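Step one of this worksheet: look at the structure below.
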Amino acid sequence: MTPQTSAIGTSPPRPDGFAKAAGEARYADDLAVPGLWYGSTVRSPHPHARLAELSWQPLKAGGEAVCVTARDLPGPNGVQLIDDSWPVLAAGVVHHVGEPVALVAAPSRHAARAAREGVAALYEPLPPVLTLEEAESLPLLASVAMETGAVEAALARAERVIEGTYRTGYQEHVYIECQGMTAWFEPDGGLAAVGSMQCPYYVHKALVHAFGLPAEAVRVRASAVGGGFGGKEDFPSLLAIHAALLARAAGRPVRLAYDRGEDIIGTTKRHPAVVRHRTGVSADGRLLAMDIEIVLDGGAYRTLSPVVLSRALLHAFGPYRCDNVRIRGRVLQTHTPPNGAFRGFGAPQVEFAAERQMDRIARALGLDPFEVRERNVVGPGDRLPTGQVLDATASARLCLEEAAARTRFRARWRECEAARPGRRDGEPLAGIGLSLYFHGAGFTGNGERAMRSPVIARLADGGRIEVLTAMTDMGQGCAAVFPQIAAAAGGLAGEDLIFAEPDTRDVPDSGPTVASRTTMIVGGAIAQAVAEVAGQVVAWWSKARAGGAALRLQGGELYAAPASEGLATFRAAASAYLAEVGPLAVTVRHQPPAEHSFDEARYQGDAYPTYAWGADVVEVEVDPDTLAVRPVAVTAVCEVGRAIHPVLCAGQIEGGTLQALGFALMEEVKVNAGRYLNDRLATYIIPTAQDSPRIAVHLLERPWEGGPFGAKGVGELPMDGGAPAAAAAIENATGIAVAEIPATPERLYEWQRAGEASAARREAAYGQDPGEGAVAETERPRAGQAAEPGASQPGQPEAAR
Amino acid sequence: MRVELTVNGRAVALDGHPMERLLDVLRERLSLPGTKEGCGEGECGACAVLLDGEPVLSCLVPLLQCGGRRIDTVEAIAHGPARGFVEDFVAAGGVQCGACTPGIVVTAWALLQRNPSPTREQVAEALAGNLCRCTGYEGIFRALARKDEDSHAPSRPGETS
């Protein structure tokens, strides 16, 4: 093999890559555990019901088995996340289909499934609340609001007020490895859990809470993680409690390993959203006022919904300047399975709405999609509606211009617009769409300041530096990126470093592996900690062995001067340090920029340490007869601060972009009476290699001083841009104003028919072309609801909602 | 029912139910958990193995079909003739979480035996039954469709594309 460099900006093969590709990595359900039993879950078939009777009849269980219900809990019946309102097991009343009411365990998977027969549950159905319209009757799960400027006055002054309502659906994570967790009690009463998770310390906290154990009696370890995308942020906390309850009852290790059907039925999804915009604009397309309302369907329990809503609110205005902004957001409660974390965390929903609204504004004013964005885009020194003054790396304009130039966007968009009416039957309709997007990297608001995540670097045997963090590699690549950062920061070679497994017995709580924070926040602390340890070794060696000479560490070798030969390897020096001085360990806590602050009551201030930026151009072909959409090509221009490992960085953008296209075009959770109908990969369709367009990623780098070597968080960014650009391309191809996703052929057909009907009505009424009002002509009337105007004049009453 | 088969070059004799899934036989009885289960119904391809050299989905193959036949799993393939290919696959960014990767390695290796330099379309067709949720398939195309001029590496400032 050729020697691999690990320098910043190069792409060495990821260290876990071969083992994964050769089937040697051990995921949650691959771990061999002696004496293991398997668990299974009895779930509610009703969306809302009183659990009138719940009993365990061991004779019906078909053999040796144990059962756990809410009556058997040793502590509070709640999964500790931001609160503990999510029940571990239903007690008294079930609030959604699929809610766990009892757990069983038996010596084999088959026996565990069979043992569910031993659970007798009697339900008395109660009236369920299944839609957002009905949900107004239940208590809110969360609400937030912010206002800046004088919105009503600005709307009244605006030359035009454009309204739009946008909807996004559920999305299922479909990590290829389903959820899995094994738990057992040690002879000394300690509790251990190992499985597939993003956040070992979230699971740890939940187990401590549910079992009333001291923190040091609970040990949580992440196995190899076969994809997360947020789906293994919240849910593993519940799964670990379940496995541990069964282990306690069985007196032996128990594993819960979901199959795909149970994983789809039983775990959280992306929140469906309705976002309403009322935007005041000047005649030349400048944004004067935004009035935005966000409604998320939280499902039955709160999970992480308040935080999802916060992030939604803080991205709802898009990467645009506007002085007068009001946003109100609510998470409604329904008797449907709880929704939770999913890559993007509220931002993909609101950025879909913001970008579709920009396109609607452009059409109303006769601008093209590039022009309307170009006139309003934020840049360095501009103020977001939160009052946050953007740093010098605010790169939305760069991304926009680069994406448009690389694709000849404006000319091709005009060509497709002009060609549309003249197209012959049967010929595919071509369209091109643009989106501009941003994503706040790191925890929202004061999150990073409150956590001040620690990492530890210490000298280990052999003179290596061991780095300890709680971060898991769920595919995103911290297993490759952390060593690059550490080596570059310390002047070390890759062999000088080892990285501890994420095991709460050993590693500090450096926070969850979420929120695009791993490289930027934790990577930054690693750089400092490793540099500090290496620096102390070098200083000692200089004094003890080199007569106080100034030394320099490069590639794991100590040098006296640039041209001289190496004096010693770092490992030799560090071994000597260990022998003569003793152990050396340094804890570094992430330090947020001192000048940043955020007012959580008013949603004003520095909502995120910094932002990553992107612009997507999506090209589609639409079959004029079937309205099947084929994405042909995507150009994604993303500004990421610094790409530590360009292949993995681009891999995040490639993969996130395809997830976003799935969200936009095909992924649809069908729900009937509160029940997910498509609980199989045969019916919940995600993009295959044949559905995937060519995705060309162009990385732009404006190093951000707060991140290691300038890196910003990138993991979630690409989830924000693909859907609105795909929807815009469909509109460019077909004239159908896509305001809702997924834009499946069936829905496109419905919207096209509705659009034709409304255009025909309009022509009959006015006897003329709809002209500028064409914006509204493809509005889809909803049941029990009048079609909303695409553009209304100030003072015109809002359409019925 | 007793079944004799060859797994990764080793003769194996097993007693089992004729409808026992080959996937379970490999993972749970032969300690070969490199073959993954992603859906259990032939939709995702994570459980692909070679049966007499042809890729099959081991979640759909009952033990009774395996008598007298040769099974090769990802463990043997990656450490055998496909080692160089697997290294290239990792370097190109074909691996992220790795849960789909064993199935993709098996299927792609079978493709490369038939067609050493496939086009992007041929790769997409061969891998249409292997779902990957991480890579957007782009890193996988880069690794496999090497002659395809459009399966380019990501560009960075200062590079032409």
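Here is how names work: the chains are called A, B, and so on, in the same order as the sequence lines, proteins then strands, and each is numbered from 1. When reading the values below, keep in mind they use all heavy atoms of this one structure, side chains included, and skip hydrogens, waters and symmetry mates. In this text, all values refer to a predicted model and were calculated from it rather than measured experimentally.
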Pick one: which of A:E716, A:Q659, A:H173, A:E233 meets side chain to side chain donor-acceptor pair (under 3.5 Å) with A:R343?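 The passing option is A:Q659.
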Counting only heavy atoms closer than 4.5 Å, note whether [X] contacts chain B via side chain, backbone, both or neither.
X      : result
A:E24  : side chain
A:V225 : backbone
A:H645 : neither
A:E402 : neither
A:A682 : both

Please classify the contact between [X] and chain A as side chain, backbone, both or neither, with a heavy-atom cut-off of under 4.5 Å.
X      : result
B:Q96  : both
B:A128 : both
B:A92  : backbone
B:V105 : side chain
B:E75  : both

Looking at [Y] and [X], is there a salt bridge between them, counting it only when a charged N and a carboxylate O are closer than 4.0 Å?
X      : Y      : value
A:R14  : B:E87  : no
B:E138 : B:R142 : no
A:R680 : B:E43  : no
B:R27  : A:D30  : yes
A:E172 : B:R133 : no
A:K712 : A:E639 : yes

Should we say atom CD of B:E125 is surrounded by more than 12 heavy atoms from elsewhere, each under 6.0 Å from it?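 No - once you tally the heavy atoms of other residues, nucleotides and ligands closer than 6.0 Å, there are 12 at most.
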Among the options [options], pick out the one with the most heavy-atom pairs lying under 4.5 Å from chain B.
options                       : result
A:L658, A:V637, A:T688, A:D29 : A:T688
A:P693, A:P687, A:G475        : A:G475
A:F18, A:Y175, A:F229         : A:F18

Relative to chain A, which of [options] shows the most heavy atom pairs under 4.5 Å?
options                       : result
B:A82, B:G42, B:C134, B:P33   : B:P33
B:A78, B:G139, B:A99          : B:A99
B:V74, B:L127, B:T73, B:T35   : B:V74
B:I140, B:V95, B:V106, B:T101 : B:V95
B:C97, B:C44, B:G45           : B:C97

Among A:I695, A:V697, A:V634, A:I653, which residue meets the side chain to side chain contact (heavy atoms under 4.5 Å, CB included) test with A:P718?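 Of A:I695, A:V697, A:V634, A:I653, side chain to side chain contact (heavy atoms under 4.5 Å, CB included) with A:P718 is met by A:I653 alone.
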Salt bridge (charged side-chain N to carboxylate O under 4.0 Å, His left out) assessment of A:R260 paired with B:E37: CA-CA 9 Å; A:R260 182 61 61 183; B:E37 174 166 350; over 6 Å; no
Regarding A:E177 and A:S196, is there a side-chain donor-to-acceptor distance under 3.5 Å anywhere?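 A:S196 and A:E177 do have a side-chain donor-acceptor pair below 3.5 Å.
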